Amino acid sequence: MTDLWGLFVTAAFVDNMPLTLFLGLCTFLALSKRPEAALGLGVAMTGVLGVTVPLNHLIYQGLLAPGAWAWAGLPELDLSYLSLIAFIGVIAASVQFLEMVLDRFFPAIHAAFGVFLPLLTVQCAILAGSLFMVERSYTLAQSAVFGLGSGLGFAVAVAMLGAIRTRLAYADLPDGLRGLGIAFVLAGLMSLGFASFAQMAAAQ
Amino acid sequence: MEKRTDLWGTLTDPLIRQNPVTLQILGICSALAVTTTLATAVTMSISLTVVLTLAAGFVSVIRRHIPDTIRLIVQIVIVASLVIVIDQILQAYFAEISRALSVYVGLITTNCLVLGRTEAFARHHRPLPAMVDAFGNGLGYSLILIVIGGLRELFGKGELFGIQVLPLADAGGWFTPLSLMLLAPSAFFLLGLLVWAIRSLLREQVEAREHTPPLRTEPAE
């Protein structure tokens with residue numbers, strides 16, 4: 001249990017997706033101009049990561065991992081090179097599914113967060129969640145916790161950046177730095193802050 | 001993007017003026033993650049340019065046969081297949097660099113640059129201009145990666161391509177490596193400063209003010 005909690009905290013803060021691992025930066029920077037939009041993106045990310053990572057874990061272990069077809073008399077069959085296509089398919093399908101479910105049963109949530117869902121199909125952080133799950137050979141429970149933790153870390157980071165950028169809308173910045181330039185510098189400063197979490201983890 | 005028949009313009013525009021990383025906000029994730037050393041930056045640049053050019057070519061060839069509703073899936077499958085090939089080649093012949101790049105080669109699949117270009121350009125153009133545009137964007141992306149990768153490796157370790165350029169203080173030289181350059185924040189700072197530099201030279205890229213500061217309003221340029 002404590003292991004899972006540790007994994008959750010690590011995924012959310014120490015290995016923060018956008019700020020430490022540079023994942024999902026395109027949407028991180030493009031959609032963080034308004035805090036509401038940023039928060040919506042963060043919530044959608046958490047939901048999708050929490051669903052797709054464990055789902056991909058099942059698919060990888062059941063169909064693609066070396067030796068997964070041993071029960072069918074094909075013990076040396078190794079389909080792991082197909083994992084990219086399989087993961088992308090699963091992600092696209094579950095994003096579509098999530099969108100339909102939200103639209104049918106929770107129209108209010110769909111109206112608020114729905115526009116970000118299709119974007120998430122091509123979000124590198126989502127695919128990276130599944131690829132890290134394979135690389136670090138997580139169990140099913142670990143991958144679910146890892147997915148949720150990474151999503152939460154992304155949500156925290158993007159909401160914070162959104163808030164700071166709104167505040168900076170009134171600042172008198174040099175012309176060339178306005179917009180994207182200052183967003184990078186802000187992300188760099190936040191990344192310095194999150195680096196302290198890594199130090200805390202190392203100190204324990 | 002306006003229709004251009006001029007191939008040279010299509011090729012050179014994305015280098016600085018329409019640079020995918022600094023202006024279009026595409027493909028940033030990998031641009032920052034793999035730039036701790038020049039070798040990984042160059043490998044990533046070559047892989048991405050190859051994938052991007054081939055994907056644009058394939059999408060453009062079958063552009064009249066892709067139903068509009070499932071075009072994203074079709075494009076992703078084409079890109080993913082190409083990425084798998086590149087990944088296998090890297091694992092087979094450049095095992096060390098492949099390990100250093102970790103999951104980031106696989107992430108070319110979802111690199112917004114690739115899908116952005118196939119979606120915005122290759123889908124509406126003939127194969128030759130589509131591939132030229134993709135190649136140009138690949139070069140623009142590579143340019144940024146190599147600049148940042150070079151700076152980070154030079155100041156972080158005093159090396160270029162793993163060869164000692166600046167003599168280290170530990171080894172009797174004068175250069176003390178800045179280890180911050182190898183950490184995540186420096187990549188953000190460098191790219192931010194690069195954006196600033198480019199936009200100071202090319203004024204038309206400057207983003208519009210959201211709020212004009214009151215009282216001391218200068219006439220807008």
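Here is the naming used below: chain letters follow the sequence lines, and residue numbers restart at 1 for every chain. Everything numeric in this text was worked out from a predicted model, so none of it was measured.
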Distance-minimising heavy-atom pair for B/Ile84 and A/Leu84: CG1-CD1, 3.9 Å
Does any backbone or side-chain atom of A/Ile182 lie under 4.5 Å from a heavy atom of chain B? Answer side chain, backbone, both or neither. neither
Identify the two heavy atoms, one from A/Pro18 and one from B/Phe188, that lie closest to each other, and give their separation to 0.1 Å. O-CZ, 3.6 Å
What distance do B/Ile108 atom CD1 and A/Leu127 atom CG have between them, rounded to the nearest 0.5 Å? 11.5 Å
Check whether B/Gln88 gets within reach of chain A through its side chain, its backbone, both or neither, counting any heavy atom under 4.5 Å. side chain
Max heavy-atom pair count under 4.5 Å with chain B, selected residue of A/Gly181, A/Ala125, A/Gly89, A/Ala187: A/Ala187
Highest number of heavy-atom pairs under 4.5 Å with chain A among B/Pro185, B/Ser81, B/Ala80 belongs to B/Pro185
Is it the backbone or the side chain of B/Ala187 that comes under 4.5 Å from a heavy atom of chain A, or both, or neither? side chain
Under a 4.5 Å heavy-atom cutoff, which of A/Leu19, A/Ile91, A/Leu29 has the most pairs with chain B? A/Leu19
Engaged part of B/Leu191 at the chain A interface, taking heavy atoms whose separation is under 4.5 Å: both
Which of the residues A/Ala195, A/Ser191, A/Ala128 is involved in the greatest number of heavy-atom pairs with chain B at under 4.5 angstrom? A/Ser191
What's the separation between atom CG in A/Leu192 and atom CZ in B/Phe189, rounded to the nearest 0.5 Å? 4.5 Å
Between B/Ser200, B/Gly192, B/Ser186, which residue shows the highest count of heavy-atom pairs closer than 4.5 Å to chain A? B/Gly192
Run the numbers on B/Trp196 and A/Phe184 for side-chain contact (heavy atoms from CB on, under 4.5 Å), then give the verdict. CA-CA 10 Å; B/Trp196 190 5; A/Phe184 275 123; over 6 Å; no
Which region of A/Leu189, side chain (C-beta onward) or backbone (N, CA, C, O), has a non-hydrogen atom less than 4.5 Å from a non-hydrogen atom of chain B, or is it both or neither? both
Can you tell me if CZ on B/Phe135 sees more than 12 non-hydrogen neighbours from other groups inside 6.0 Å? no
